[in-house]
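Only heavy atoms go into these numbers, but all of them, side chains included; no hydrogens, no water, no symmetry mates. Sequential numbering from 1 along the given sequence is applied to the chain's residues.
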Amino acid sequence: MHAPFSDSINGDQIERNDAALVVQATFKVDNVETQLIMGADINHEVWTDIVQVTQYYNRHDRLKWDIFNISHHCSYTALSDTKGVTKTTPVSKVKWLFEQGHDKAILVSTSDPIPSEDTTQPPHRQASNYYKDVVKSINGEFKVTMEHPKKSDPKPLVITIDSAKATIEELSISAATFMTSRISPRAG
C-alpha cells in the first residue's frame, strides 16, 4: 500500500485519506516479476507525496511497473493542476513515476472513450496525450477500457501475467460473449 500517509503537525499525527488506496503488487511467474500499480482516484499531490516518501526511504522498486491503472479515469488532475492545451505536463514527481515503466508496459485508463474535444469531467484528451507519449518511450500500450477492443463494442480488457510479463489477451468471439454478459463498469 502506498497511500494514505499520515502527516505530523506540532507532533500530532493527522490522518490524510483521499478516500483511495494505491496498491503496488508484484507477481512472480517462472522467476519473472511483473509489477502492477493500481492508481485509484488520487490527484497529483498525493502521487507527489507517495513518490517523495518512496524516494526518501530508497524503495524505488516499489514504484516500478509493467501495468499501471491510471488514476481518476484519465483526469489531468492526476498529473498536474494545469490541463494544458493539447497535452498535460505532469509535475516533476509524477513525471518521474511514469519514467519507472518497464519496456513494453501497459497503461490502462478505466474510463469512457477519450473525447476529441475539451471536457470538464474525465477522461481528458490532454492527459491521454501525455500517457500516449509515455508508452511510445517504452514501446508499451495505452488502453482505454471502454474503447477495447473498439468503441462501438467494448469488451473486458484481460491482461495475462506469465513468464512473458504482461500481455493483453485477445478474446475469441465465444469468450467475449461469455465474459460480457453484463455491461463493463466505468470505475476500476
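- Taking CG of Leu157 as the reference point, atom CD of Glu147 lies at 11.5 Å (rounded to 0.5 Å).
- Every side-chain hydrogen bond (donor to acceptor under 3.5 Å, both in side chains) that Gln126 has, sequence neighbours left out, goes to Asp118.
- Residues Pro154 and Ser152 approach most closely at CD-C, 3.8 Å, considering heavy atoms.
- Shown here for Val144 and Pro113, the closest heavy-atom pair between the two residues is CG1-CA, 4.2 Å.
- In this structure Asp30 satisfies the salt bridge (charged side-chain N to carboxylate O under 4.0 Å, His left out) test with no other residue, sequence neighbours excluded.
- The shortest side-chain heavy-atom distance between His44 and Leu79 does not fall under the 4.5 Å cut-off.
- Ile42 and Tyr76 fall into different hydrophobic clusters, where Ile, Leu, Val, Met, Phe, Trp and Tyr side chains are chained together by heavy-atom contacts under 4.5 Å.
- Residues meeting the side chain to side chain contact (heavy atoms under 4.5 Å, CB included) test with Gln100, sequence neighbours left out: Lys64, Trp65, Trp96.
- Residue pairs meeting the salt bridge (Lys or Arg N to Asp or Glu O under 4.0 Å) criterion with at least one partner in residues 91-104, sequence neighbours excluded, are Lys95-Glu99.
- Sorted by first and then second residue, the side chain to side chain donor-acceptor pair (under 3.5 Å) pairs involving residues 127-144 (not counting sequence neighbours) are Lys87-Asp133.
- Each ring pair (Phe, Tyr, Trp, His ring centres under 6.0 Å) pair with one or both residues in residues 132-151, not counting sequence neighbours, would appear here, but there are none.
- The minimum heavy-atom distance linking Val29 with Ser163 is given by the pair CG1-N, 3.7 Å.
- Side-chain atoms of Leu97 and Trp47, non-hydrogen and from C-beta on, do get closer than 4.5 Å to each other.
- Considering all non-hydrogen atoms of both residues, Met146 and Asp112 come closest at CB-CA, 3.9 Å.
- With sequence neighbours excluded, no residue satisfies side chain to side chain contact (heavy atoms under 4.5 Å, CB included) with Thr89.
- Scored by the side-chain hydrogen bond (donor to acceptor under 3.5 Å, both in side chains) test, Thr88 finds no partners at all (sequence neighbours excluded).
- In this view, Leu36 and Phe27, Met38, Ile67 satisfy the side chain to side chain contact (heavy atoms under 4.5 Å, CB included) rule, not counting sequence neighbours.
- Counting all heavy atoms, side chain and backbone alike, Ile159 lies closest to Ala166 at CG2-CB, 3.9 Å.
- Applying the side chain to side chain contact (heavy atoms under 4.5 Å, CB included) rule to Thr167 yields the partners Thr160; only residues at least two apart in sequence or on another chain are considered.
- At distances below 3.5 Å, not a single donor-acceptor pair connects side-chain atoms of Ser80 with backbone N or O atoms of Val91.
- Within the structure, salt bridge (Lys or Arg N to Asp or Glu O under 4.0 Å) pairs that include any residue of residues 65-85 comprise Asp66-Lys165 (at least two apart or interchain).
- Minimum interatomic distance between Ala40 and Leu21 (heavy atoms only, all atoms of both residues): CB-O, 3.3 Å.
- Counting heavy atoms from C-beta on, the side chains of Asn69 and Ile37 never come closer than 4.5 Å.
- Checking each of Lys150, Lys151, Lys155 against Asp153 for a side chain to side chain donor-acceptor pair (under 3.5 Å) leaves exactly one that passes, namely Lys155.
- At least one donor-acceptor pair under 3.5 Å links the side chain of Ser71 to the backbone N or O of Gly39.
- In this structure, the side chains of Ile138 and His102 stay at 4.5 Å or more apart for every pair of heavy atoms.
- Residues meeting the side-chain hydrogen bond (donor to acceptor under 3.5 Å, both in side chains) test with Thr77, sequence neighbours left out: Ser75.
- In this structure the side chain of Val108 never reaches within 4.5 angstrom of the side chain of Ile70, judged on heavy atoms.
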* To do: List the steps and the verdict of side-chain contact (heavy atoms from CB on, under 4.5 Å) for Val22 and Ile50.
  => CA-CA 9 Å; Val22 174; Ile50 290 169; 3.9 Å; yes
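- Panel note: side chain His73, backbone Thr110; a donor-acceptor pair is recorded below 3.5 Å.
- If you take SG on Cys74 and CZ on Arg125, they are separated by 12.0 Å, rounding to the nearest 0.5 Å.
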